[in-house]
Number of protein chains: 2
Amino acid sequence: MPPSSKPPADASRTVAPRRRQRLSTEERERQIVDGAIQFFSEHGLTGQMRELATTIGVSHPLVFHYFPSKKALIERVYAEVYLGRWKPEWEHRVKDRSEPFEARLTGVYIDYARTILTKEWVRILIHSALADGYINDHYLTLVGERLLRPIIGEARAELGLDDDREPTEAETELIWGLHGGIFYIGVRHWIYGHKFPENLPQVVTDRVRAFMLAAREIFPREAGKPAG
Amino acid sequence: MPPSSKPPADASRTVAPRRRQRLSTEERERQIVDGAIQFFSEHGLTGQMRELATTIGVSHPLVFHYFPSKKALIERVYAEVYLGRWKPEWEHRVKDRSEPFEARLTGVYIDYARTILTKEWVRILIHSALADGYINDHYLTLVGERLLRPIIGEARAELGLDDDREPTEAETELIWGLHGGIFYIGVRHWIYGHKFPENLPQVVTDRVRAFMLAAREIFPREAGKPAG
DNA sequence: CCTACAATTTACCAAGTGGTCAAAAGCGGA
DNA sequence: TCCGCTTTTGACCACTTGGTAAATTGTAGG
């Protein structure tokens, strides 16, 4: 269609005819994944492929050239956002008794909060949870085993209740109250639209303090009970 | 399906010939609204009208006969589920100083938890929050003004800090930590699929206790600060 | 400059999507 | 029994949607 003489080196990057831009496979794929993370966090996993492609600036079949299906793209997003951000050091630090327990817990949760309290992280998790629960089952199992369970163990040790019964309901609820509460800060901001805390470390520190105060009262009460 | 004696030779029809059942306007409308509440809580607000109609056992144009559009039906669902369940007595009890503060707070939150921790309530709220935030803006404003703000006031009075500055960030975060934590119990059960606490009143009582312990430490610290 | 190949797009499909409408059929009243 | 009104539905519409195929075009290597 375009005559031999190329149209003028069209530097006016207006809207009209999309200039076909050829990128390397890696660059384009990166661009699509990044665009998808942004897009799905805003429009949910049911957002349209065409619209996603438009926001990236390409035609929608190109997305299918890089990912065989929408599902495959979504799985890639999961992997990038969730599997990629978990830090094994959290679990290690929780168990490292060279530091006082409350300080360990506070330090870990300040970093955890910084890591997960982002728009993509919070919104995509909720979207996925409502859609099929796929990531949740995976992610929350990880959290429960690698973070919450060790915390219960350390809390018991801290309070001189060292034993390895299964956590009771009250203990489980207490630690989920802390953990879920941190996540809920993100829900309030990125889903409800409330303002984000100005002093996040202080908020987290206060939450951990509240957990410790309650644990000192509730853990001993549970010490003789059968597993919840 | 009763063993009907009238199915004519026309039984060659592929799908089961749905028996046309005529109900009064009120009955049918009630049936549709109830069905919609169930359906939307499971499939989200993007669930299809045809599928909804099928679960109710009618054809989908019938739904449009009762509600002019999908949006109108959804608004009706909001009204039934949220506007209909708020109890003004919560606010009254929070402020009724004839009872000790912690007991009031515990009593209110046990009833509040019983009221909102249902599948429809939790799931539709989250779905709506992700979709457009329409109910949240309304509902959470209600919660903030009628419940959380009075609680902060009563907590200050309880701790001898009676004044009417705007709540500070730390105070706001603390009470939202309690309130959001209660709601999050529902998220864990109806969205994440975790088991529901066997002893909900005990869990709520523990949460309120944790709030009180933390408040005794944090509210006095905030007493001289400018509004957050 | 040309060629070959991969990146990119246009045109298309089949199955769904909310919503409409006129025909069909229960049911109360005569 | 039949009439007439209202509920209920089958058929249909225009638009959306994930996905495909073949044509198109940028560009590296000769």
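Numbers restart at 1 for each chain; the letters A, B, ... are given by sequence-line order, proteins then strands. Excluded from the calculations below are hydrogen atoms, water molecules and symmetry mates; all remaining heavy atoms, backbone and side chain alike, are included.
Among the atoms of the strands shown, only primed sugar atoms or phosphate atoms (P, OP1, OP2) are found under 4.0 Å from some heavy atom of Thr25(B). Ser24(A) comes within 4.0 angstrom of nothing in the nucleic acid, heavy atoms only.
Sequence order on DNA chain D of the closest nucleotides to Lys71(A) and Tyr66(B) puts Tyr66(B) first from the 5' end. Annotation: of the two residues near DNA chain C, Pro61(A) and Pro61(B), the 5′-most nearest-nucleotide partner is Pro61(A). Residue order along DNA chain C, read from the 5' end via each residue's closest nucleotide, puts Leu45(B) first among Arg22(B) and Leu45(B).
Looking at Arg104(A) and Asp96(A), no side-chain N of the basic residue comes within less than 4.0 Å of a carboxylate O on the acidic one, giving no salt bridge.
When rounded to the nearest whole Å, the span between CZ of Phe64(B) and P of dT7(D) equals 18 Å. Between His60(A) atom NE2 and dA21(D) atom P there is a gap of 13 Å when expressed in whole angstrom units. Whole-Å rounding puts the Arg50(A) CZ to dC12(C) C1' distance at 10 Å. Residue His65(B) contributes atom NE2, which lies 7 Å from atom C1' of dT6(D) at whole-angstrom precision. Whole-Å rounding puts the Gln48(B) CD to dG18(C) P distance at 6 Å. Spacing between atom CG of Leu23(B) and atom P of dG28(C) amounts to 12 Å, rounded to whole angstrom units. Rounded to an integer number of Å, the gap from CE of Met49(B) to P of dG16(C) is 18 Å. As rounded to whole Å, 9 Å separates atom C1' of dT17(C) from atom NZ of Lys70(B).
Rounding to the nearest 0.5 Å gives a distance of 11.0 Å between NZ of Lys119(B) and CD1 of Ile191(B).
You'll find the ring centres of His138(B) and Tyr82(B) outside the 6.0 Å limit.
In this structure, the side chain of Glu120(B) does not engage the main chain of Val81(B) through any donor-acceptor pair within 3.5 Å.
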| task | May I have the step-by-step check of salt bridge (charged side-chain N to carboxylate O under 4.0 Å, His left out) for Arg149(A) and Glu166(A), ending in yes or no? | result | CA-CA 9 Å; Arg149(A) 191 64 202 275; Glu166(A) 284 295 303; 3.7 Å; yes

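Residue Arg28(A) has no polar side-chain atom (N or O) positioned under 4.0 Å from OP1 or OP2 of dA7(C).
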